[in-house]
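Quick note: residue numbers are just sequence positions, from 1. The structure displayed is predicted, hence computed values, not measured ones.
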Amino acid sequence: MADARQTLLACYQAALRAVEGRGRVARWFAESERAVPPHVVAVGKAAGAMLQGALDAGVGAQFRALAISKADHLSATLCEVPGVSCLTGEHPVPGEGSLAAGEALLDFIARTPPDEPMLFLISGGTSSLVEVLPQGVTLARVAELNRWLLGSGLDIHAINRVRRACSLIKGGGLLHYLQGRPVLVLLVSDVPGNDPAVIGSGPLVPAQEPGALPELPPEFAGLVHTPTVVADAGDVEIHIIASLEDALAAAAQAGSEFGLAVTRHVAFLSGDPSAVAGQVLDELRDAPEGLHLWGGEVTPSLPPHPGRGGRAQQLALEFAQRIADRPGIYVLAAGTDGSDGATGDAGALVDGGSVARGRLGGFEAEDCLKRADAGRFLETSGDLIHTGPTGTNVMDVLLVLKCTP
């Protein structure tokens, strides 16, 4: 199939368009026939796109907004809109900008009249981009803890339990500062199950029983505290406007339009990338030809000094090893936010020739996997996917095309 790679990329792009924050927010207001509240907070990787969607839906003369996102994710045009303030936090590890954003967020809320409605637009990345720390907890120690969490192999639920225990605004903590103000919340989900309490570490969802924390290294024991539990959310209305399911449905529709048989696999991919690649290929062995789709996020365990790459690139290279010299299988593993780990690449699209191409450039796949340096290998093999910021974040997609060589 000469255009197999282009077909997979087109299906991936269809998935991204379906969950892009600007269109999703504007569509929600159009379909609900609701007015945009006059005070807006947008936080996360998709903050800029989501805030632009609110502007598209129409705002009043007294409109004011605070947007907090990653560097290069907020356009100069958006930040020049009257009433809009833009701030940059750090991701995936909180930094000084994240703390400044936390202060600005609390000030924005304090300056909002108590009887006027607020709109919160929240997407993945919020946990790191904005933070308010308990007294006695330093940024340096929290950053160290977050770096450990990112390489621990823990799932998002366990990671968020730890994050909530080191913050004054996560796990419903922000409700304390809202003091009963009416709030509308629109969420772009980047978590399995689309639980609002987990998206962005649930700043506007009353914390339930916190559950046991995962075992932490002894040096972090003094960082955790018992979060303040707000039993009543007050006047808070929450809607999920985009999810992984929406993205996969759009990819499936695109595959059908290309004339492919489409199989949507219901399993949520998680855990070790090597094990996931083996399980998927076992499942594909007797599967029909066509487009096969999965969603999820693998959790690689990182060495002390990881190289270039991210979880999607690590997964893609695991597949590349297993399909080496096997024509007729093409694998796209990529994030929906346009970045993978600390890189500016979304993921990779590999085929039976990827390992050979990388080897010609002087790299061995097994060595790069051990060093968590998949990105350098995949750059050499010509398989990296670069989209730039996508205006969304609904976890990762795995698209596999099985066809006659």
Side-chain angles (χ1 to χ4, degrees), residues 19-69 73-75 78-79 81-87 89 101-102 104-127 129-130 169-170 172-190 194 196-197 199-206 230 233-243 391-394:
V19 291
E20 193 269 338
R22 180 174 185 172
R24 281 284 176 161
V25 169
R27 176 180 169 184
W28 188 90
F29 279 106
E31 292 179 348
S32 67
E33 299 182 342
R34 301 268 292 272
V36 177
H39 311 282
V40 181
V41 174
V43 190
K45 295 178 184 178
M50 295 179 78
L51 179 54
Q52 187 61 62
L55 293 170
D56 293 344
V59 298
Q62 303 304 313
F63 171 83
R64 54 193 280 269
L66 173 64
I68 302 167
S69 194
H73 279 54
L74 297 170
S75 71
L78 176 66
C79 297
V81 173
V84 173
S85 297
C86 293
L87 291 175
L105 171 58
L106 298 188
D107 180 66
F108 186 92
I109 293 172
R111 290 186 291 108
T112 300
D115 58 341
E116 293 189 10
M118 297 186 69
L119 170 65
F120 278 78
L121 305 170
I122 296 177
S123 56
T126 294
S127 294
L129 292 166
V130 59
I169 60 173
K170 295 175 171 58
L174 194 58
L175 293 169
H176 169 74
Y177 300 94
L178 285 167
Q179 297 183 335
R181 287 175 174 83
V183 174
L184 171 65
V185 186
L186 301 185
L187 301 172
V188 171
S189 173
D190 69 330
N194 304 323
I199 301 168
S201 296
L204 295 165
V205 180
V230 179
D235 188 7
V236 177
E237 177 186 352
I238 297 177
H239 298 273
I240 294 173
I241 62 170
S243 67
T392 192
N393 182 20
V394 295

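- For the atom pair Arg24 CZ and Ser123 OG, the distance stands at 14.0 Å (nearest 0.5 Å).
- Residues passing the salt bridge (charged side-chain N to carboxylate O under 4.0 Å, His left out) test with Glu237, sequence neighbours excluded: Arg34.
- The side-chain hydrogen bond (donor to acceptor under 3.5 Å, both in side chains) search around Ser201 returns Ser127, Asn160, not counting sequence neighbours.
- Around the CD atom of Gln62, the shell of radius 6.0 Å holds no more than 12 heavy atoms that belong to other residues, nucleotides or ligands.
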Mind listing the side-chain donor-acceptor pairs of residues 48-59 below 3.5 Å, one per line with the distance, residues two or more places apart or on another chain?
{"residue": "Gln52", "atom": "NE2", "partner": "Asp56", "partner atom": "OD1", "Å": "3.2"}
{"residue": "Asp56", "atom": "OD1", "partner": "Arg22", "partner atom": "NH2", "Å": "3.1"}
{"residue": "Asp56", "atom": "OD2", "partner": "Arg22", "partner atom": "NE", "Å": "2.6"}
{"residue": "Asp56", "atom": "OD2", "partner": "Arg22", "partner atom": "NH2", "Å": "3.3"}

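- The salt bridge (charged side-chain N to carboxylate O under 4.0 Å, His left out) analysis of residues 39-54, with sequence neighbours excluded, yields the pairs Lys45-Asp337.
- Shown here are the salt bridge (charged side-chain N to carboxylate O under 4.0 Å, His left out) partners of Glu33, two or more places apart in sequence or in another chain: there are none.
- Arg64 is linked by a salt bridge (charged side-chain N to carboxylate O under 4.0 Å, His left out) to nothing, counting only residues two or more places apart in sequence or in another chain.
- Put simply, the side chain of Arg181 gets close to the backbone of Thr112: a donor and an acceptor are under 3.5 Å apart.
- Aromatic ring orientation, Phe108 versus His39: perpendicular (interplanar angle above 60°, classes split at 30° and 60°).
- Tested against Leu187 for a side chain to side chain contact (heavy atoms under 4.5 Å, CB included), the candidates Ile122, Leu204, Leu121 yield a single pass: Ile122.
- Residues Pro37 and Val40 approach most closely at O-CG2, 3.6 Å, considering heavy atoms.
- To the nearest 0.5 Å, atom CZ of residue Phe29 and atom CG of residue Leu184 are 5.5 Å apart.
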